[in-house]
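Structure first, then comments.
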Amino acid sequence: QVQLVESGGGSVQPGGSLRLSCAASGSIFSIYDMGWYRQTPGNQRELVATITKSDTTNYADSVKGRFAISRDNAKNTVYLQMNSLKPEDTAVYYCNAFIVATSRAGMNYWGKGTLVTVSS
């Protein structure tokens with residue numbers, strides 16, 4: 001019943017920008033940590049950025065200074081602003097969140113992913 005839906009992926013040239021959004025919906029009591037991960041063919045899914053409920057953030061070294069994660073708790077939404085994009089940023093980006101449902105059961109949820117392609 002609880003789900004995460006990503007949006008905002010697309011194709012962009014090196015040096016360009018994209019803004020990803022991920023909205024949680026369903027029978028939600030509270031959302032704790034949220035984050036973005038990415039995956040390319042043949043590789044493990046890797047952490048890009050995370051943000052706590054009180055806005056503490058951390059980033060992978062490869063995106064520091066270029067990406068910014070933020071959240072709007074009133075909208076149950078997390079964002080990833082991606083600037084100065086590089087070809088190596090090309091991947092499927094997945095949203096993740098630890099969500100407590102109204103039943104008071106808590107677990108990690110994953111979105112289905114959105115494709116970001118950076119090429120010239």
Side-chain angles (χ1 to χ4, degrees):
Q1 199 167 349
V2 173
Q3 66 175 14
L4 301 175
V5 179
E6 303 101 333
S7 62
S11 182
V12 66
Q13 293 184 340
S17 297
L18 284 173
R19 183 175 173 85
L20 305 183
S21 298
C22 172
S25 62
S27 301
I28 297 168
F29 179 76
S30 186
I31 302 176
Y32 291 88
D33 292 356
M34 304 184 83
W36 290 94
Y37 296 72
R38 66 188 183 187
Q39 188 170 26
T40 55
N43 293 306
Q44 291 266 83
R45 189 171 299 183
E46 66 176 2
L47 185 148
V48 176
T50 61
I51 184 167
T52 69
K53 193 171 184 177
S54 57
D55 291 339
T56 298
T57 61
N58 82 24
Y59 298 90
D61 287 342
S62 59
V63 307
K64 285 181 180 176
R66 300 188 298 120
F67 291 9
I69 189 170
S70 61
R71 65 191 286 168
D72 185 335
N73 292 331
K75 295 181 178 179
N76 290 337
T77 299
V78 62
Y79 306 94
L80 185 68
Q81 178 66 48
M82 304 185 293
N83 299 322
S84 301
L85 283 161
K86 303 175 180 179
E88 49 263 47
D89 295 318
T90 296
V92 176
Y93 284 71
Y94 296 90
C95 177
N96 171 261
F98 186 86
I99 299 174
V100 177
T102 54
S103 66
R104 303 303 194 272
M107 64 178 288
N108 277 298
Y109 290 86
W110 291 93
K112 292 183 178 180
T114 186
L115 178 63
V116 172
T117 301
V118 185
S119 66
S120 58

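Keep in mind the model is a prediction, meaning the values are calculated, not measured.
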Verify same cluster id: [X], [Y] (apolar side-chain graph, 4.5 Å):
X   : Y    : result
V78 : V116 : yes
L18 : Y93  : yes
V92 : L47  : yes
F29 : M107 : no
V12 : V48  : yes

So is R71 actually on top of Y79's ring, under 6.0 Å and inside 45° of the axis?
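So R71 doesn't make the cation-pi contact.
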Can D89 and K86 be said to form a salt bridge (charged side-chain N to carboxylate O under 4.0 Å, His left out), step by step?
CA-CA 5 Å; D89 295 318; K86 303 175 180 179; over 6 Å; no
How many angstroms lie between [atom1] in [X] and [atom2] in [Y], if you round to the nearest 0.5 Å?
X    : Y   : atom1 : atom2 : answer
W36  : E6  : CH2   : CD    : 5.5 Å
L20  : I69 : CG    : CD1   : 10.0 Å
T117 : L85 : OG1   : CG    : 11.0 Å

For a 4.5 angstrom cut-off between non-hydrogen side-chain atoms, does [X] reach [Y]?
X    : Y    : result
F98  : V100 : yes
I28  : V2   : yes
S27  : S103 : no
S17  : Q81  : yes
N108 : N96  : yes

Can you list the steps and then say if N76 with I31 is a side-chain contact (heavy atoms from CB on, under 4.5 Å)?
CA-CA 8 Å; N76 290 337; I31 302 176; 3.6 Å; yes
Quick one: does [X]'s side chain have a donor or acceptor within less than 3.5 Å of a partner on [Y]'s backbone?
X    : Y    : result
Q1   : G26  : no
N83  : F67  : no
T114 : G9   : yes
R104 : T102 : yes
T77  : K75  : yes

When you look at R45 and Y37, which way does the side chain to side chain donor-acceptor pair (under 3.5 Å) test go after all the steps?
CA-CA 6 Å; R45 189 171 299 183; Y37 296 72; over 6 Å; no
Can a donor-acceptor pair be found between the side chains of [X] and [Y] at a distance below 3.5 Å?
X    : Y   : value
S120 : Q13 : no
S30  : K53 : yes
N58  : T50 : yes

Which is it for E46 and R38 under the salt bridge (charged side-chain N to carboxylate O under 4.0 Å, His left out) test, yes or no, and what are the steps along the way?
CA-CA 5 Å; E46 66 176 2; R38 66 188 183 187; 2.8 Å; yes
I51 versus S70, closest heavy-atom pair with distance
CD1-CA, 3.8 Å
Nearest heavy-atom neighbours spanning I99 and L4:
CD1-CD2, 4.0 Å
